[in-house]
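Structure record follows, encoded as structure tokens.
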There are 2 protein chains.
Amino acid sequence: MPRRPVSRLTADDWAGAALDAMARGGLAAVAVERIAAQLGATKGSFYWHFANRDALIAAALKRWETDHTEAVIRMVDAEPDPLQRLRLLLVTVIEATEHDLLEVVVLSTADHPLVAPVLARVTERRISYTAKLFGDLGFPPAEARERGLLAFTAYLGHAQLARATPQLVQSSSTARRRYVDRVIALITAR
Amino acid sequence: MPRRPVSRLTADDWAGAALDAMARGGLAAVAVERIAAQLGATKGSFYWHFANRDALIAAALKRWETDHTEAVIRMVDAEPDPLQRLRLLLVTVIEATEHDLLEVVVLSTADHPLVAPVLARVTERRISYTAKLFGDLGFPPAEARERGLLAFTAYLGHAQLARATPQLVQSSSTARRRYVDRVIALITAR
DNA sequence: CGTAGACCATACGGCAGCGTACGGAGGCGG
DNA sequence: CCGCCTCCGTACGCTGCCGTATGGTCTACG
């Protein structure tokens, strides 16, 4: 079993550093030389592990795709009560948008050719899971899908609003809870 | 009264061209030399009218701020019936996001230092107007504000969804109308 | 111990974009 | 007709970034 020396870097190290840079400065911050410097290496190392910059972006996005969405779904799905599941999901993801810049950065680059397909998959996965939650609440499939989509747009809108006017989005946990309660009340009304 | 010869350009010409470029390729497309070429001029002209690139971006954003938001508000405000006013607003802005890329481009650059303050002002203006519409419907001020904010996040979320997964957002006018109806029904429920 | 291969640093070429220097054209008043 | 002021084209330097070429170093392994 080969032990990896600290001085050597793996492709995953680069992908992780790329995600960090992306969270801080957007897709434009994923620059080979800058990340190399911040990693204490040079481009020579990078171009050994990756063909080009696009390959790095793709790797970072793949990691984001597998790590974030599925982890949240697994965590939420452990909650037994259907209504509490929905509430837990909304609270979790809305809270996440306030410290996890990555979410909103990916959103802001939706039209990038490398981002678009990943984002489309993640979005579809999230909406269908949310729709499933409404199905668990007893709504028929079509209706569940529609309400799930509404819940998702409420989430997206809140995330965007937090960026556009942070001062309007009170970040206290009670305020967040009130917002979620309001959304849930409206969106589960029969 | 000095007549302006066609060969000469004004600062407003540059701002307009910058908005066009921005609508097509985002903030990164607002490049001095590229816009100059597309305008049939060179940088020499540009740096006579503007100090630097940031000044051009600022001018373009100012024009967007004054032109778009107020125009929509004036148009919507001509509708006499309060409920129809709300419906007209939602239909108009949601439809607008499908052919007016500018909206969503500005959103996607929310964290840019030049964009942030403009976007904050525009957002606050829009939310407060939407809140006023709910006030017209008879809701008390605090409640109107809260519902206005919800309506606005529904709009933002839909705009983001249209970018993330265009295939999920049916662009037919009837589908759009159904979505708006659903949102209004939920959001005006007492 | 020695060699092959994995890994990386250095150096280079190229491109795109910003900003500056400067000269020239063209209208307009004197 | 002449000079001035406005406006613009040309040429240049600089920086940041991508990608390549090439040689060096370290490690596993025979």
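Chain naming here is simple, since letters A, B, ... match the order of the sequence lines and numbering starts at 1 in each. Quick caveat, the model's predicted, so the values are computed rather than measured.
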### Message
Applying ring-ring contact (aromatic ring centres under 6.0 Å, His included), can you list everything that pairs with A/Phe50, at least two apart in sequence or on another chain?
### Response
A/Phe46
### Positions of residues 45-53 of chain B (non-hydrogen atom under 4.0 Å from DNA chain C), listed by number
B/Tyr47, B/Asn52, B/Arg53
#### Entry: Residue list, ring-ring contact (aromatic ring centres under 6.0 Å, His included) with A/Tyr179, at least two apart or on another chain
A/His158
Cut-off 3.5 Å, no hydrogens considered: what does the side-chain donor-acceptor table look like for residues 131-140 of chain A, sequence neighbours left out?
from: A/Lys132; atom 1: NZ; to: A/Asp136; atom 2: OD2; distance (Å): 3.0
from: A/Asp136; atom 1: OD2; to: A/Arg85; atom 2: NH2; distance (Å): 2.9

### Query
Will you find, in the side chains of A/Tyr47 and A/Asn52, an N or O donor that is under 3.5 Å from an N or O acceptor?
no
### Message
Test of understanding: with side chain to side chain contact (heavy atoms under 4.5 Å, CB included), list the residues that count as partners of A/Ala154, not counting sequence neighbours.
### Response
A/Val183
### Task
Sorted by first residue and then second, give each salt bridge (charged side-chain N to carboxylate O under 4.0 Å, His left out) pair with at least one member in residues 101-118 of chain A; sequence neighbours left out.
A/Glu103-A/Arg126, A/Asp111-B/Arg163
### Close approaches to DNA chain D from residues 54-61 of chain B, in residue order (heavy atom, under 4.0 Å)
none
### Query
Who pairs with A/Ala120 by side chain to side chain contact (heavy atoms under 4.5 Å, CB included), at least two apart in sequence or on another chain?
B/Thr165, B/Gln167
### Message
My understanding is that only residues two or more places apart in sequence, or in another chain, count here; which of them pass side chain to side chain contact (heavy atoms under 4.5 Å, CB included) with B/Thr97?
### Response
B/Tyr155, B/Ala159
### Close residues, residues 29-42 of chain A, relative to DNA chain C [heavy-atom separation under 4.0 Å]
A/Gly40, A/Ala41, A/Thr42
Which pairs would a plain distance check flag for residues 33-42 of chain B, meaning a side-chain donor or acceptor within less than 3.5 Å of a matching protein atom at least two apart in sequence or in another chain?
from: B/Glu33; atom 1: OE2; to: B/Lys43; atom 2: NZ; distance (Å): 3.2
from: B/Thr42; atom 1: OG1; to: B/Gly44; atom 2: N; distance (Å): 3.4

### Task
Grab the CG-P distance between A/Leu9 and C/dA6 for me, whole Å please.
17 Å
### Task
Would you list the pairs meeting salt bridge (charged side-chain N to carboxylate O under 4.0 Å, His left out) in which at least one residue belongs to residues 179-190 of chain A, sequence neighbours left out?
A/Arg87-A/Asp181, A/Arg182-B/Glu143, A/Arg182-B/Glu146
